[in-house]
> 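To start, I am sharing the structure in question, which I have written as structure tokens.
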Amino acid sequence: MSTPQLDKTYDAKAVEARWSEVWNQQGYFHASPTHTGQPYCIVIPPPNVTGSLHVGHALNHSLQDILIRWRRMQGRNVLWLPGTDHAGIATQNVVEKQLMAEGASRESLGRERFIERIWQWKAASGDTIIRQQKRLGESCDWNRLRFTMDEGLSKAVLEVFVRLHEEGLIYRGERLINWCPRCLTALSDIEVEHEDIKGKLYSIEYELEQDPTMRLTVATTRPETLFGDSAVAVHPEDPRYNRLIGQRVRLPLTNRTIPIVGDAILVDREFGTGAVKITPAHDFNDFEAGERHGLPRHPIFNHQALLDPEGLKTAGVEQELIDVIAALPVTKARPKIEQALKDRGLLTKVDDHKMAIGKCYRCKTVVEPYLSPQWFVKIKPLAEPAIKAVEDGRIRIIPEGWTNNYLGWMRDIKDWCISRQIWWGHQIPAWYCRACNKDLIVEGTGATASSQRLTILQGATAIVGKAAPSTCPTCSGTDFIRDPDVLDTWFSSALWPFSTLGWPDQTPELKAYYPTSTLVTGLDILFFWVARMIMMGLKFMGDVPFRDVYIHALVRDAEGQKMSKSKGNVIDPLHVMEQFGTDALRFTLASMASPGRDIKLAEERIEGYRNFANKIWNATRFSLMNLDGPREAVQPSNRAFPDRWILSRLNQTIQSVTSELEAYRFDHAANALYQFIWHEYCDWYLELIKPTLQNQASLEGPGARQTLVETIETTMRLLHPFMPYLTEEIWHQLPHQGESIVVQNYPIPNIAWTAPEMDQRFALLEHSIGLVRTSRVLLNYPPGQQITFYLAHDDRRRQDDLGELRNYLAHLGRGTVDLAPTTHWPAGKLLRLVTEGLSVGIAVAGDVDLNKALDRITKEQSEQTKEIERLEGKLRNQEFTAKAPPEVIADHQNRLTNLRRDQSMLASSAQQVQAMLGS
RNA sequence: AGGCGGAUAGCUCAGUUGGGAGAGCGCUGCCCUUACAAGGCAGGGGUCACAGGUUCGAUCCCUGUUCCGCCUACCA
């Protein structure tokens, strides 16, 4: 029988393109509720539809694919459901930029044509990431690809919105929200990133109305907001100020006076001057303080965060000043205001001050607390069951450490602002009767972008429903205007685990695969997404959306820096796949996925695993070159030592890879595979069986060839989830049954393979060969040179083992073995090394320099002496012998005995070498 | 400010009932030995951040300190 000859190096590119195609054509990834097996389902965290694959996706998706392929091979009814989200703000920003380049804008196009334009962009670029995912080898059921703005998913969004509204869990109200003056939309609290900056703390004097010679000094980081002040607060128990409570101060640069109020919540007596201005329309704390004291709100910025002349006028600001600062951004207006205050002697101090500012997570613009009517989800009633589900273990977060993070956040959760003032997304299903809300609907008709805005003011009556109402229940009017806002993208992705399975329809998929099994995601969206899925799943499905949440690390560059395009330190997974192969990338990411630690990814690591792939390829190449000849499935226990040993090791590797995967320890599983394949299978097993394979007459040949095929085929199945392409290719080169490794069984431990006595025997072999090789180097014998060496072990059973191993020792030691007891060894011209009861002797030929060998022996001696002293010291300690467990004491004594014996033998060896040097 | 995580070989990281410190990469030396130079063999290299405590015994458990990350936050 002749076997095909493989190329000398593994060509990942050619192999990957071929199998990716076949897998998808054959439909191996297609899931069905009617398939057999216990369901196992993962829904993919939907990436941005117009994005492209970055290395964070590569990690996230590789881990999911490992789980999915593993479970599929285990015979589970597996569904990995792929899809993308519409990424409202991000996608709209991209298309707006395109329009800007063309000299157009979304306003010039109008809402309908603008949305059309985004759909076009989605159609053009939406396949990119999907193609890239396929290239990564992801075994998703691509026929079930979902998108958050699909008809079905939009139906789910509508259903959820209307039902939550009916139950009073969605409401509209005018609140201070985080506003991005560049994206011109509201953001939720968690869409704001905080950044520490060096700011200034300004001390400004407010004159008392009753007595202008007396002044109250307030401290602020934002002097420009003083125009919007409604009061000054002091601590009610602060003896410096509390007698002033109830009096009024003149607000600088305006014609207004404002009250001094006592507020123990807002005021920290220790900070600044102990007096703080209250600006309810522009600060979250002040907003609440304003509520407490019934203070008016004076908005002085417009939606672009420019100083608004109308607002300033209403706030009573001096007209000359308004003329100077109107329509300026804060950065330009602040120096002018500073100057005006200085001119009047009211700015007494400016200190450096560290502070935090909020930035838009999409565009990094400084966000502004902005007073506006928005839609909110009343979150507490939804959060409570979601806290419980994690507390009582119905949902497990892995690593466990993040559980408290989740619980802490959920317990302190605030209402969720879900309306966005953009056009791309699910438009809110709320309508307003024009007749009833005449004064509350403000439709701009100007030519500029900002003057075209449609604003529905606070207090307008909204009619929420799945479709536009036909007549107004109040006035029977028929003229309606729809709320222009769209929903936060996360509102639709919160429904992902059930909306993708067909909800609100009761589909067989929903029945089979919900709750899903595992969610794999990064920490950065634990709150954005995971928490919200749990809330929505419990609310609308009455059950958790998934059992396990596995949180993986963030991928950083080799220096530990966050990857970003602007820093230019991004590792492009596609480039890496091109250069080193997809399997190498996948294996690298898996092997570095240690819990609770970020991944610092360096290309050298990937290169190392490319080499690993090549090593496996060459092991196969070797096997195929040596398969000619009969094979016989001998009972494992009747096979030769190398075969029995490697089966035993393979068996243990199967056990550990399986249990590590069950524990989500991808790193451990990958390392177990690496260690076994490279350092046991290749380094030792293949070397051990070479003489047998190359001797056609060997009686052990049929068993060895059988073991060779059996082990490599099993190993490929074991490795397949990690390196799908390489293993598929090799599997097809080997004798096999079936059409693809994708649908083969995952290896399970085989009791008949366990052979602990072979493991022990191997340890002796490895130990012996190690000493022989060391001796060779010490004596400068070239690797190929045949030598005579002596081996003896102190332990009778080990000595018997040496006899069993004689042929293997001779082969790997490259020489002739003599197993006589040490007392029979030649007296002179011999280098002896001793460790752990094993003595190795090599004949010293001619005029080699023995100093190297002597150094080595001396070093060994001093290390041993140190250890002996340490052990003796411990055993002399009566407290140790009285209190330590007996097995520990016995172990110490054993080690000491062995070391003393080794030491005396080594001493005689040293004498011998010295004698040779002396002569 | 609070919470969490981390600090172990030159680098990246493993290391649980507390008892002789490990891997990968890199480095040094030798070798193109018929699967693989993307390889083989051998080797050097560590007060386990610091200071206390518990213990017969601490890289591991406890307390504190320093440094580095991340998350949360209403100190104007």
Side-chain angles (χ1 to χ4, degrees), chain A residues 6 8-10 190 194 201-202 218-222 225 233 265-268 270-279 283-289 353 355-356 399 401-402 404-405 408-409 412 523-524 526-527 554 556 558 560 562 580 584 591-592 594-602 604-605 607-626 665 667-668 671 674-675 678-679 682-683 686-687 690 694 769-770 773-778 780-784 814 856 867 870-871 874 877-885 887-889 891-892 895 899:
Chain A
L6 299 185
K8 225 173 156 180
T9 50
Y10 173 58
I190 48 179
H194 295 273
L201 188 65
Y202 301 83
V218 303
T220 179
T221 53
R222 302 187 64 195
T225 61
I265 299 173
L266 184 68
V267 180
D268 172 1
E270 311 299 317
F271 187 88
T273 59
V276 55
K277 59 201 242 6
I278 301 181
T279 322
D283 182 282
F284 291 102
N285 294 316
D286 293 6
F287 181 85
E288 282 170 26
H353 181 63
M355 52 190 278
W402 299 121
N404 280 336
N405 213 334
W409 188 77
D412 194 34
L523 183 66
D524 47 340
L526 180 63
F527 305 140
L554 202 72
R556 299 166 172 278
K562 221 170 179 169
F580 299 116
S591 74
M592 296 182 82
S594 303
R597 208 187 258 268
D598 283 344
I599 294 178
K600 293 186 197 169
L601 188 61
E604 298 84 71
R605 284 300 284 264
E607 189 183 358
Y609 290 117
R610 188 269 317 259
N611 297 351
F612 178 52
N614 193 51
K615 186 78 180 177
I616 298 168
W617 179 256
N618 273 288
T620 311
R621 182 167 181 260
F622 168 81
S623 305
L624 292 174
M625 288 166 72
N626 288 282
R665 287 306 300 257
D667 56 333
H668 285 174
N671 292 336
Y674 186 94
Q675 182 65 25
W678 199 313
H679 296 304
C682 292
D683 285 352
L686 294 182
E687 294 304 326
K690 272 180 184 174
Q694 281 153 11
I769 295 301
R773 285 170 174 167
T774 302
S775 309
R776 266 181 184 279
V777 171
L778 292 174
N780 289 326
Y781 290 147
R814 293 184 193 277
R856 163 67 186 235
E867 182 65 7
R870 201 181 68 85
L871 290 173
K874 270 182 104 168
N877 184 341
Q878 301 216 337
E879 292 209 90
F880 174 71
T881 49
K883 292 181 183 170
E887 61 271 21
V888 171
I889 296 169
D891 181 55
H892 275 60
R895 265 155 47 201
L899 277 169

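Below, chains carry the letters A, B, ... as their sequence lines are ordered, and counting in each starts from 1. If you're wondering where the values come from, they're calculated on a predicted model, not measured in any experiment.
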> Expressed in angstrom and rounded to an integer, what is the separation of A:Ile616 atom CD1 from B:A38 atom P?
17 Å
> With rounding to the closest Å, how many angstrom separate the C1' atoms on B:A9 and B:C71?
32 Å
> Is any side-chain heavy atom of A:Asp683 less than 4.5 Å from a side-chain heavy atom of A:Glu687?
no
> Between A:Glu879 and A:Gly770, which is nearer to the 5' end of RNA chain B once each is assigned its nearest nucleotide?
A:Gly770
> Between A:Arg776 (CZ) and B:G40 (C1'), how many Å, whole number?
13 Å
> In whole angstroms, how far is the C1' atom of B:C70 from the CD1 atom of A:Ile599?
15 Å
> How long is the span from the NE2 atom in A:His892 to the OG1 atom in A:Thr881, to the nearest 0.5 Å?
11.5 Å
> Could you encode protein contacts along nucleotides 71-76 of chain B as a string, one character per nucleotide from 5' to 3', using B for base contact, S for sugar-phosphate-only contact and - for no contact, with a heavy-atom cut-off of under 4.0 Å?
S--BBB
> Taking B:C32 as the reference, what is the distance to B:A37 when you measure between their P atoms (whole Å, please)?
14 Å
> Does one side chain, of A:Thr225 or A:Lys277, offer a donor that lies under 3.5 Å from an acceptor on the other?
yes
> With P as the reference atom in both, quote the distance from B:G26 to B:A38 in angstrom, rounded to an integer.
12 Å
> CZ of A:Phe612 versus P of B:G40: gap in Å, rounded?
12 Å
> If you measure from the C1' atom in B:C4 to the same atom in B:G53, how many Å do you get, rounded?
24 Å
> Can you check side chain to side chain contact (heavy atoms under 4.5 Å, CB included) on A:Phe284 and A:Glu288, steps first, answer last?
CA-CA 7 Å; A:Phe284 291 102; A:Glu288 282 170 26; 5.8 Å; no
> With sequence neighbours excluded, what pairs up with A:Tyr10 under the ring-ring contact (aromatic ring centres under 6.0 Å, His included) test?
A:Trp617
> CZ of A:Arg610 versus C1' of B:G39: gap in Å, rounded?
12 Å
> Return the value, rounded to whole Å, for the distance between atom CG of A:Leu526 and atom P of B:C4.
16 Å
> Can you name the residues that form a ring-ring contact (aromatic ring centres under 6.0 Å, His included) with A:Phe527, not counting sequence neighbours?
A:Trp409
> Give the rounded distance in Å between these two atoms: CH2 of A:Trp617 and P of B:A38.
17 Å
> Spell out protein contact along nucleotides 20-35 of chain B as letters: B when the base is contacted, S when just the sugar-phosphate is, - when no protein heavy atom is under 4.0 Å; keep the 5' to 3' order.
B---SS-------B-B
> So, for A:Lys874 and A:Phe880, which heavy atoms are closest and what is the spacing to 0.1 Å?
O-CD2, 3.3 Å
> Taking a pair as Watson-Crick (N1 to N3 plus N6-O4 or O6-N4) or G-U wobble (N1-O2 and O6-N3), both under 3.5 Å, which stems of 3 or more consecutive pairs involve RNA chain B?
B:1-7 with B:66-72, B:10-13 with B:22-25, B:27-31 with B:39-43, B:49-53 with B:61-65
> Which distance, rounded to the nearest 0.5 Å, do you find between the CG of A:Asn618 and the CG of A:Asn614?
5.0 Å
> Does a donor on one side chain sit under 3.5 Å from an acceptor on the other, for A:Asp667 and A:Ser591?
no
> Say you pick atom C1' in B:G44 and the same atom in B:U63; how far apart are they, in whole Å?
39 Å
> Step through it carefully: locate the ring centre of A:Phe612, locate the ring centre of A:Tyr674, and say whether they are under 6.0 Å apart.
yes
> Run the side chain to side chain contact (heavy atoms under 4.5 Å, CB included) test on A:Tyr202 and A:Arg222 for me, step by step, so that the C-alpha distance in whole Å, both residues' side-chain angles and the decisive distance to 0.1 Å come before the verdict.
CA-CA 8 Å; A:Tyr202 301 83; A:Arg222 302 187 64 195; over 6 Å; no
> With rounding to the closest Å, how many angstrom separate the P atoms on B:U72 and B:G39?
44 Å
> Which whole number of Å gives the distance between the C1' atom of B:U12 and that of B:A7?
14 Å
> Please give the distance between the C1' atoms of B:U59 and B:U8 as a whole number of Å.
7 Å
> Please enumerate all residues that pass ring-ring contact (aromatic ring centres under 6.0 Å, His included) together with A:Phe271, with sequence neighbours excluded.
A:His353
> Expressed as a whole number of angstroms, how long is the span from A:Asn404:CG to B:C4:P?
8 Å
